[in-house]
S.K.: 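Let me begin by handing over the structure; questions about it come next.
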Number of protein chains: 2
Amino acid sequence: MPKVKKLSIVDIAKQLNISKTTISFILNNRAQEKRISEELVQKVQNFVKEVGYKPNPIAKSLRTGKTKTIGLMVENIADPFFAAIARHIENKANKNGYKIIYCSTDNDTQKTKALLSMFREQNVDGYIISPPVGVEEEIKSLIESHLPIVCFDRHLHDVKTDYIEVDNEASTLKATQYLIDQGFKDIAFITFASTQTQMQGRLKGYQEAVKKNSLPSYIKEVKFNPDEMVVIESILDFLKKHKNLDAVIFGALQAGTSGLKAIKKWAPKRLADLGIISFDDCDVFELFSPSISAIAQPIDQIAEYAIDLLLKRLNNINTSKERKNIIIHTELILRDSSTKNASK
Amino acid sequence: MPKVKKLSIVDIAKQLNISKTTISFILNNRAQEKRISEELVQKVQNFVKEVGYKPNPIAKSLRTGKTKTIGLMVENIADPFFAAIARHIENKANKNGYKIIYCSTDNDTQKTKALLSMFREQNVDGYIISPPVGVEEEIKSLIESHLPIVCFDRHLHDVKTDYIEVDNEASTLKATQYLIDQGFKDIAFITFASTQTQMQGRLKGYQEAVKKNSLPSYIKEVKFNPDEMVVIESILDFLKKHKNLDAVIFGALQAGTSGLKAIKKWAPKRLADLGIISFDDCDVFELFSPSISAIAQPIDQIAEYAIDLLLKRLNNINTSKERKNIIIHTELILRDSSTKNASK
DNA sequence: GTGAAAGCGCTAACAC
DNA sequence: GTGTTAGCGCTTTCAC
């Protein structure tokens, strides 16, 4: 069990009988610039490869202040939406030599503040964040320190960051209008209580649609609870109070799945004629009977834009002070649950 | 936009007019041992808190060789099982002052090797891994370097690591037997082709059960494909070839959901009398009609054991050379799909 | 009880 | 073109 001491740049220098500076230049692709002979460059590169020398990234970080690490902060890494985002970001980050450290905020402001300062102490080079409300000052402080940061899924008011979002308002507006066009009249909007931009946008889209069509508005904002039974009960209460509803729009994936559980438990027969559309898409909606129409977010595209934008900032490709706000369209996937007829 | 220079231990030392050594001792809880006056300790601690000084973890790492980082390597972070594991591990790691850097192997041996050496270069303190077959040598090398490593979900043959697994074989044996007891006779086992220990175990449990009951064995090992349609088609083919099947056991979550899609597409009416049990549980199975019985893995428990064991190793609490292999029981959740009668 | 100083492995300013 | 050397910010040995 020989605890082999890892090679350092000094070892290489000694063995090759040249200075470690030269090696450093060669390894950092500055040979040309420093006009180091092609011959020497080859020699060093071959030797390095042969002995399998890898520069110690920690020493490098200490010196350069760069860690080649991206801090990914999501609401909850166990949520399929965020997990899929994480997956995509990981791929591209790795390809570009970056590692990802992740954490979940639970939309908890205090926790997020602690995590942000953890990332900061850790010297992550860039941030990809789905921020909860209440961390505006901390984010501003990051910006002031010129740390690149990209928000996604939602953004913060009065904080100028790059961000990627879908057109939430237009999406629910369109979905609601679709139900209305189908002939549904008493359409409820069931979502989680939240002041985050994306949630506000979804709510607004629904409100606009019913208002424009002079239809009544039924809004249920469930308080999020990690115990799903509580959420289900809450939705159940609402449904029982409004027996006249003929359609429901769920404002978020979890609201949708919990809502389906509630309906199935309470009045499975109502599924036959209740119009349903949910924000976000998943296997559950595809496989449910009736299959549930969904407002699908292009997850890969969101992740792609986010990591791409961050990498550009990190490489100073996009140095414009101008913040980039990218709005992506969702896709309304029509399945059986949004059709007004008995054949469902 | 004042780019405030972060305080270093030297700054503190200067301002307090004492040596940085003393500060280092105090901050690392070695004041007692070094018999530094209580008074001075208080003074330093107060000052440090007041100015918000945080030691630079990179410098610390360079010196100590510890990074307070755990490398989490899963098959695919977007998979709900692994995402849930990641979530749980994150919580506990953070509480103990560790950060997590994650990556997905895709069960690709070459990719995993690259990721392992990335983790190693990065000097992660410990590893939590769901390893693909083929990285035995690399893992052995980690062990030889005394790096703590915990495997989960599966383990590697002939490599002595700590690991956490469920009793795969017993689980499918029990599930298959349950179907048999219900009166099902032509039971298929549909899973992904894999030589990983957990998959082998699940297959074996099924085989034992049918053999013991002198029933025919129908095995379909689908080649995994990121394009789900290919998987669905493959399952469909198999089902069409074996029209006599009266029950199916799916060996993995994705096999289950893809399988349901296949059945729903091909012959939704068969759902009424086809016995179905799937490994892993999820909302889809609960909400499907009929609701699908499932072999549920206690995800939180698996994650808890994994991170707990790793933290113990990291803190040298469990220094025994003896590797710990923890086998956890699954829960067979009986829903409608496993009952043999027409009332489904 | 406290401090000076070496050194972790690297980069980069500067010297030659 | 290549080498010397000063740090990056910390821990820790050793001296006092």
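Per chain, numbering begins at 1; letters A, B, ... match sequence-line order. Keep in mind that what you see is a predicted model, and the values were worked out from it rather than measured.
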S.K.: If only side-chain N and O atoms of B:Ser19 are considered, is one of them under 4.0 Å from the OP1 or OP2 phosphate oxygen of C:dT2?
M.R.: no
S.K.: Could you tell me how far apart A:Arg30 (CZ) and D:dG1 (P) are, to the nearest whole angstrom?
M.R.: 17 Å
S.K.: Nearest of D:dC10, C:dT11, C:dG3 to any side-chain atom of B:Ile18?
M.R.: C:dG3
S.K.: Could you give the CG-to-P distance, from A:Asn56 to C:dG9, as a whole number of Å?
M.R.: 7 Å
S.K.: Return yes when atom CD of A:Glu39 has more than 12 non-hydrogen atoms of other residues, nucleotides or ligands closer than 6.0 Å, and no otherwise.
M.R.: no
S.K.: Report the nucleotide, chosen from C:dA4, C:dC10, D:dG3, that has the shortest atom-to-atom distance to any side-chain atom of B:Thr21.
M.R.: C:dA4
S.K.: Whole-Å distance between C:dA15 P and A:Lys34 NZ?
M.R.: 13 Å
S.K.: Roughly, in whole Å, what's the span from CD1 in B:Ile58 to P in C:dG9?
M.R.: 16 Å
S.K.: Would you call A:Glu322 and A:Lys160 a salt bridge, using N to O less than 4.0 angstrom?
M.R.: no
S.K.: Is A:Thr22 near enough to D:dT2 that one of its side-chain N or O atoms lies under 4.0 angstrom from OP1 or OP2?
M.R.: no
S.K.: Just to be sure I understand the rule, does A:Leu62 reach a base, reach only the sugar-phosphate, or reach nothing, if contact means heavy atoms closer than 4.0 Å?
M.R.: base
S.K.: Compare side-chain N and O positions of A:Tyr53 against OP1 and OP2 of C:dC10 and report whether any pair is under 4.0 Å apart.
M.R.: yes
S.K.: Just how far, in rounded Å, is C1' of D:dC10 from CZ of B:Arg63?
M.R.: 8 Å
S.K.: How long is the line joining CD1 of B:Ile23 and P of D:dC10, in whole Å?
M.R.: 10 Å
S.K.: Just how far, in rounded Å, is C1' of C:dC10 from CG of A:Asp11?
M.R.: 13 Å
S.K.: So, A:Thr67 versus A:Gln122: side-chain donor-acceptor pair below 3.5 Å or not?
M.R.: no
S.K.: Taking any heavy-atom pair under 4.0 Å as a contact, classify B:Ser37: base, sugar-phosphate, or nothing.
M.R.: sugar-phosphate
S.K.: Between B:Asp300 and B:Lys92, does at least one N-O distance fall below 4.0 Å, as a salt bridge requires?
M.R.: no
S.K.: Whole Å only: how far is the NZ atom of B:Lys60 from the P atom of D:dC10?
M.R.: 9 Å
S.K.: Check every atom of D:dT2, D:dC10, D:dT11 against the side chain of B:Thr64 and return the nucleotide holding the closest atom.
M.R.: D:dT11
S.K.: Relative to the 5' end of DNA chain D, which residue comes earlier, A:Ile36 or A:Lys20, by the nucleotide with the nearest heavy atom?
M.R.: A:Ile36
S.K.: Could you check whether B:Arg313 pairs with B:Asp162 (Lys NZ or Arg NE/NH1/NH2 to Asp/Glu carboxylate O, under 4.0 Å)?
M.R.: yes
